[in-house]
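Here is the structure we will look at.
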Amino acid sequence: MESGLFLNNENAKKRIDALFQSGRIPHGILLRGGDEELRKDCAKYMAMKFQCISQNPPCGKCGQCVKVMSDCHSDVITAKGSGKTGIISIEEIRRISADSVIKANEGKYKVYFLFDVDKKLMREGQNAFLKTLEEPPEKVVFIMTCESEKALLDTIRSRVTLLSLDSKEQVSGEILETAENIVLSILENREFPLMKSLAPIMGDRAKAKEILLQVKEILRKSLSQCFMVETGSQTAEKASLKLNKLKILKLMEATDNALMYIDQNGDMNLLSACLCGKYRRIAWQK
Ligand SMILES: [Zn+2]
């Protein structure tokens, strides 16, 4: 079986392959977006990449790949959750942490799947998971999935590499340029250029939303850049060099709040002024 047949989403595959090609494989990966099935398929595809013994992983043919595909690899472990809701309990997190210390049985890595962490891993569970996620044993990888990373603690988010599975929507050149301009202005230590760059969001709501979604996307890429993941965006790269991870997360959060404000029919002139202030405070603070 060709691995292409298994994961038939070229965009997602390309992103995963790029992450592996970057050479610095993170031990905590968060797959975000897409639907539940795509997220699970991507997690499995990654596990195959970790375990496959062929020169060009995943081959989809070797014993390792086949076992991962058929859910019977003893070193690819899924957090099961309990009860009707499938909540992953603190006890289960502790069991996983203890188990992760034991060496892999048949594979090169120990891979843990934690699906739908935005719904199944509550705050207490996330807190219990922090230490393991920060200093995992060697050859241990945690692959988590979520619809949105909003329900996750910042401390979790900053310890994982986020990989978005949302198919790239066609974005007009103008929108992208405006968004890049905003991010570049955030990096400058001057108020006026930032205000000016935010002027286009004062008009039409739909357009403002598109622009801010792009700002968020660039910031998300710059976060990946912080983990040495090539994203192909020069603006994101610049941002990753000037800002730290926490600042980038805070900027993303401010952008998220602005997007919610637009949805709630907020005043657009006020929004642009507020956002200008917020971005400045976050980016320029020592
Ligand atoms: Zn293989």
Side-chain angles (χ1 to χ4, degrees), residues 11-12 15 30-36 38-39 116-123 126 144-158 160 162-187 191 194-224 231 233 235-236 239 243 245-283:
N11 222 326
R15 285 178 207 193
L30 182 62
L31 296 167
R32 188 263 323 269
D35 57 23
E36 213 180 314
L38 175 66
R39 291 195 289 271
D116 299 324
V117 284
D118 49 342
K119 296 179 192 80
K120 294 185 177 158
L121 192 58
M122 304 292 107
R123 275 180 165 263
Q126 292 179 37
M144 293 171 268
T145 70
C146 68
E147 204 177 317
S148 150
E149 74 276 25
K150 272 191 193 169
L152 299 178
L153 298 171
D154 276 355
T155 39
I156 290 272
R157 285 198 255 174
S158 61
V160 296
L162 183 71
L163 204 70
S164 174
L165 302 174
D166 290 323
S167 47
K168 241 193 198 131
E169 299 130 25
Q170 279 302 64
V171 181
S172 83
E174 186 208 340
I175 298 282
L176 194 62
E177 205 176 304
T178 310
E180 289 195 329
N181 198 13
I182 292 174
V183 176
L184 291 172
S185 303
I186 293 173
L187 304 179
E191 186 173 6
L194 181 56
M195 258 169 69
K196 216 174 123 193
S197 75
L198 282 165
I201 70 164
M202 280 195 271
D204 156 18
R205 259 167 221 284
K207 192 176 157 197
K209 239 179 127 169
E210 272 189 73
I211 294 171
L212 290 181
L213 279 169
Q214 274 317 300
V215 168
K216 211 183 131 188
E217 178 64 14
I218 297 168
L219 291 169
R220 190 191 60 72
K221 283 184 179 166
S222 65
L223 197 60
S224 301
T231 62
S233 161
T235 312
L243 305 166
K245 290 170 205 154
L246 189 65
K247 281 187 177 183
I248 295 172
L249 280 170
K250 281 188 175 168
L251 288 167
M252 286 173 80
E253 201 181 344
T255 313
D256 257 337
N257 289 338
L259 282 162
M260 277 196 292
Y261 184 76
I262 296 176
D263 282 339
Q264 291 157 1
N265 280 322
D267 179 282
M268 299 303 282
N269 290 335
L270 198 62
L271 176 72
S272 136
C274 267
L275 202 52
C276 183
K278 270 194 195 163
Y279 281 162
R280 272 182 52 212
R281 272 196 299 279
I282 297 166

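Just so you know, these numbers use all the heavy atoms, side chains as well, and skip hydrogens, waters and symmetry mates. All of these numbers come straight from a predicted model, not from anything done at the bench.
- Summarising the geometry, atom CD1 belonging to I186 is positioned 10.5 Å from atom CG belonging to N181; distances are rounded to the nearest 0.5 Å.
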Next item on the list: Go through the steps to decide whether E210 and E174 satisfy the test side chain to side chain contact (heavy atoms under 4.5 Å, CB included), and finish with yes or no.
Entry: CA-CA 11 Å; E210 272 189 73; E174 186 208 340; over 6 Å; no
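- Taking both residues in full, the closest heavy atoms of E180 and S233 are given as OE2-OG, 4.4 Å, listed atom of the first, atom of the second, then distance.
- A donor-acceptor contact shorter than 3.5 Å links the side chain of D118 to the backbone of S148.
- Shortest non-hydrogen contact noted between L219 and I248 is O-CG2, 3.3 Å.
- Judged by distance alone, with hydrogens and angles left aside, the side-chain atoms of R205 form a donor-acceptor pair with the main-chain N or O of G266 at under 3.5 Å.
- A12 and L38 get closest at one heavy-atom pair: CB-CD1, 4.4 Å.
- Nearest approach of K207 to I175, heavy atoms of both residues: CG-CD1, 3.8 Å.
- To the nearest 0.5 Å, the span separating CG on L212 from CD1 on I201 amounts to 5.0 Å.
- Using modelled atom types, one side-chain atom of R39 and one backbone atom of G33 make a donor-acceptor pair closer than 3.5 Å.
- Listed by first and then second residue, the side chain to side chain donor-acceptor pair (under 3.5 Å) pairs involving residues 257-267 are K209-D263 (not counting sequence neighbours).
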Next item on the list: Could you go through the side chain to side chain contact (heavy atoms under 4.5 Å, CB included) check for L223 and K245 one step at a time?
Entry: CA-CA 6 Å; L223 197 60; K245 290 170 205 154; 4.0 Å; yes
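- In this structure, the side chain of R280 does not engage the main chain of E191 through any donor-acceptor pair within 3.5 Å.
- The structure places SG of C146 at 7.0 Å from CG of L162, a figure rounded to the nearest 0.5 Å.
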